[in-house]
S.K.: 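Structure in C-alpha cells, see below.
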There are 2 protein chains.
Amino acid sequence: MIHITIVEDSFDAREGFRYLLSLDSEVRIVGSFDRAETFIANKDVVDRTDIVLMDIELPGITGIEATRILSAMKPDMNILILTIFAEREKIVNAIQAGAKGYLLKNNDPRDLLSQIKSVHSGGSALSPLAARTLLEELYEKHEIRKEPADYHLTHREIEVCRLIVEGDTYREISDKLSMASATAKKHILNIYRKLDVNSRVTFMKKVFEENLLE
Amino acid sequence: MIHITIVEDSFDAREGFRYLLSLDSEVRIVGSFDRAETFIANKDVVDRTDIVLMDIELPGITGIEATRILSAMKPDMNILILTIFAEREKIVNAIQAGAKGYLLKNNDPRDLLSQIKSVHSGGSALSPLAARTLLEELYEKHEIRKEPADYHLTHREIEVCRLIVEGDTYREISDKLSMASATAKKHILNIYRKLDVNSRVTFMKKVFEENLLE
DNA sequence: GGGTATCTACACCAAATGGTGTAGCGTTTC
DNA sequence: GAAACGCTACACCATTTGGTGTAGATACCC
C-alpha cells in the first residue's frame, strides 16, 4: 500500500486527485492539505506519507521550499511536484530541493498512477519537457567542466600544482617529490609564468575558476 | 511524419522495433543498421533521420560514442538510447554525449511510440530508473554549492576575505580599507583561526570548496 | 558595573615567498 | 651535431607571511 499526501491549494484539484487515486487499490490518501505549513506541522501524517503530490504555487511557503524542508525531515519520502509551470528555474530548484519527480498538470492524468508507482519503486517521474530541461542542465554542466585551457604544463609541473593546492610549502613539495626545495621553487615560478599569475593566491584562484586540476 | 533510424545489432530486436513502429502511421523507418559506423557513413540516411533508436552495446564503436559523433553532425537529431543497462556511468555519459532520452528495454514496449512522439515534440524520454539516476546526479552537483557553513566572520572580516581572494597583500588590503597593515594582518589571522586554516593557500581552498564568498 | 565582542594598532621573529640570476644533464627533434 | 625542452640545483635578495604578544576604543548584553 502506497500512502499519499496531497498538498494543493485548489479544492477542485484536490478532489480530482482524490478521485483519480481512489481508482487504484494499491494507493491510499493519508493527508490532504491546502498549504504546506499545515502538512509540515503534522508530524503524524508526515511520518506515514510515502509520496507527496506537491503543488508549487501555494499560499504561504512555496512547494519548492516545502520540498526542501520535508526532504530534510524525512529523506525517504518521495515528493512529486505537480504543476503547470515548466520554467527551467523552477524545475532545477525543485530537483535541487530533493523532489523525486516533476510532472506538468497538462499531462494525461491517467498516467499519474503509473508514475506514482514508478517513483515508489525507486524511480523518478519526469514530464518530457522537464526531462529535456534537466538533460540540458546536465549537458551544460559537463560541457563547462571540461576543456580547461591548456597552459602546456609539464608532467612534473602538474605534480607540483597538485601539492601547491594541498597547501604544501616549497620544502614539503620538494620532500614529497624527492627534489631540492630550490627545484620545487623553480617549477612553481615556471608554473606562475605559464599561468600568468604571481602568487599562491592568484594561482589558486585560477586553478579553481578554470577547473585546471581534477 | 517522424523519420526513424534503428541502430541495433540484434536482428530480432530490429524486427521487433520495425513491427512496433509499423503500428503507427505517423512514424516511418528510414534506416536500420546493425552497427553505428554504417549509419554514420551513410550521410543520406543521417540527413533524413529525425530520431534514432540507439543500442549501447554494439560491435565496433559503442552507441554512446556514436551519439557523440551524430550529435555533432546533426545537432537537431534526437537520439534515444535503448538498452538493458542502467548503470549510472552509462546513463550520464549518454546524456553528456547528447542523447535526448534513455530508455530501458524492460519497459513496456507499447510506451515507446508515445515516448518517441514526446521526444519529437521537444521533450525527452527517461525510464524512471534513468530519471532517478540523473536527478541524483543533478542533486549532488547542486549540493556542492550548498549553503556555506557560517564561521561567524564579522563584516570587516568578510571585506578582508574578499580582498585576500583578489590576491591582495596585507598592505594592499589595509590601503583599500583604510587601516594599518598590522590591522589587516590581525583580521586575517583571526579569519584563519575561525576557518581553521593557516595559510593563504588553505584559505583559498576552503573558500572555493565551500563556496564561502559570492 | 562587568563581561564579551569588534575594530583598531604596534612590536618582534622565524619562515616562506617571489623574483632573478646561472648552470649541468638527459631526451627529443630537426 | 645543434637546438629545444624538461628536470634538476644553487645563490642572493627584498618582501610577504604566519604566529604571538600587548593594548586602547567602542559598543552591546546581562
Side-chain angles (χ1 to χ4, degrees), chain A residues 145-214, chain B residues 144 146-214:
Chain A
R145 111 168 1 199
K146 72 176 178 185
E147 292 292 343
D150 188 2
Y151 292 98
H152 302 103
L153 296 183
T154 66
H155 172 66
R156 204 61 168 161
E157 285 166 349
I158 290 171
E159 287 185 281
V160 173
C161 280
R162 293 191 197 288
L163 294 178
I164 300 175
V165 171
E166 291 308 308
D168 289 350
T169 64
Y170 292 141
R171 180 159 306 280
E172 288 165 334
I173 292 171
S174 58
D175 285 353
K176 289 183 185 176
L177 299 182
S178 302
M179 58 174 73
S181 80
T183 306
K185 179 173 178 172
K186 190 73 180 174
H187 282 308
I188 290 176
L189 291 178
N190 283 332
I191 292 164
Y192 284 2
R193 215 166 302 143
K194 289 182 181 179
L195 298 198
D196 188 30
V197 298
N198 62 2
S199 69
R200 290 288 209 269
V201 173
T202 48
F203 168 82
M204 290 294 282
K205 203 179 169 196
K206 192 141 195 162
V207 165
F208 277 94
E209 285 179 349
E210 300 191 14
N211 243 295
L212 296 187
L213 297 179
E214 288 121 312
Chain B
I144 292 170
K146 65 189 166 193
E147 283 303 303
D150 188 3
Y151 291 98
H152 302 102
L153 297 183
T154 66
H155 176 253
R156 204 61 167 162
E157 285 167 349
I158 291 172
E159 287 184 281
V160 173
C161 281
R162 293 192 197 289
L163 294 178
I164 300 175
V165 171
E166 290 310 306
D168 290 349
T169 64
Y170 292 142
R171 179 159 306 282
E172 289 165 333
I173 292 171
S174 58
D175 286 351
K176 289 182 186 176
L177 298 183
S178 302
M179 59 173 75
S181 80
T183 306
K185 179 172 179 175
K186 191 69 179 175
H187 282 308
I188 290 177
L189 291 178
N190 282 332
I191 292 165
Y192 284 1
R193 217 166 304 142
K194 289 183 181 178
L195 298 199
D196 189 30
V197 299
N198 62 1
S199 70
R200 290 287 209 270
V201 173
T202 48
F203 168 82
M204 290 294 282
K205 203 180 170 198
K206 192 139 195 165
V207 165
F208 277 93
E209 285 180 349
E210 301 192 11
N211 243 291
L212 296 187
L213 295 180
E214 288 122 309

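Protein chains get the first letters and strands the later ones, always in sequence-line order, with residue 1 at the start of each. In this text the structure is predicted, and so the values were computed from the model without any measurement.
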S.K.: Show me the pairs that pass salt bridge (Lys or Arg N to Asp or Glu O under 4.0 Å) and involve residues 174-203 of chain B, at least two apart or across chains.
M.R.: B/Glu157-B/Lys194, B/Asp168-B/Lys176
S.K.: A/Cys161 versus A/Ile191: any side-chain heavy-atom pair under 4.5 Å?
M.R.: yes
S.K.: Quickly work out the B/Phe203 CZ to D/dG19 P distance and round it to whole Å.
M.R.: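 Checked: the CZ to P distance equals 14 Å.
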S.K.: Separation of B/Ile173 atom CD1 from C/dT8 atom P, in whole Å?
M.R.: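 In whole Å, C/dT8 P and B/Ile173 CD1 are 13 Å from each other.
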S.K.: Kindly assign one of parallel, tilted or perpendicular to the pair B/Phe203 and B/Tyr192, based on the angle between their ring planes and the thresholds 30° and 60°.
M.R.: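 Answer is tilted, since the angle falls between 30° and 60°.
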S.K.: Rounded to whole angstrom units, what separation is found between the NE2 atom of A/His155 and the P atom of C/dT28?
M.R.: 15 Å
S.K.: Is any NZ, NE, NH1 or NH2 atom of the basic residue among B/Glu159 and B/Arg156 found under 4.0 Å from an Asp or Glu carboxylate oxygen of the other?
M.R.: yes
S.K.: Can you see which heavy atom on A/His152 is nearest to which on A/Asp150, and at what distance?
M.R.: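 Smallest heavy-atom distance, with atoms named: N-OD1, 2.9 Å.
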S.K.: Specify the separation, in whole Å, of atom CE of A/Met179 and atom P of D/dG6.
M.R.: 15 Å
S.K.: Could you walk me through whether B/Leu212 and B/Leu153 pass side chain to side chain contact (heavy atoms under 4.5 Å, CB included), step by step?
M.R.: CA-CA 11 Å; B/Leu212 296 187; B/Leu153 297 183; 5.9 Å; no
S.K.: Measure from CG on B/Leu153 to C1' on C/dC7 and round the result to the nearest Å.
M.R.: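 The answer, rounded to whole Å, is 14 Å.
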S.K.: Let me have a per-nucleotide readout for nucleotides 11-20 of chain C, 5' to 3', with B, S or -, counting only protein heavy atoms under 4.0 Å.
M.R.: -B---SBBBB
S.K.: Could you give the distance from CD1 (A/Ile158) to OH (A/Tyr151), rounded to the nearest 0.5 Å?
M.R.: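 A/Ile158 atom CD1 to A/Tyr151 atom OH measures 13.0 Å (nearest 0.5 Å).
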S.K.: Taking only the side-chain nitrogens and oxygens of A/Thr183, find out if one of them lies under 4.0 Å from OP1 or OP2 of D/dA9.
M.R.: yes
S.K.: Should A/His187 be listed as having a side-chain N or O under 4.0 Å from OP1 or OP2 of D/dC7?
M.R.: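 Checking D/dC7 against A/His187, no side-chain N or O comes under 4.0 Å of OP1 or OP2.
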S.K.: What nitrogen or oxygen pairs link the protein and nucleotides 28-30 of chain D at under 3.5 Å?
M.R.:
none

S.K.: Measure from CD on B/Glu159 to P on C/dT6 and round the result to the nearest Å.
M.R.: 15 Å
S.K.: How long is the gap from CZ on A/Phe208 to CD on B/Glu209, to the nearest 0.5 Å?
M.R.: 4.5 Å
S.K.: State, to 0.1 Å, how close B/Val160 and B/Ile188 come at their nearest heavy-atom pair, and which atoms those are.
M.R.: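 Closest approach of B/Val160 to B/Ile188: CG1-CG1, 3.6 Å.
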S.K.: Given atom CG of B/Asn190 and atom P of C/dA5, what is their separation to the nearest angstrom?
M.R.: 12 Å
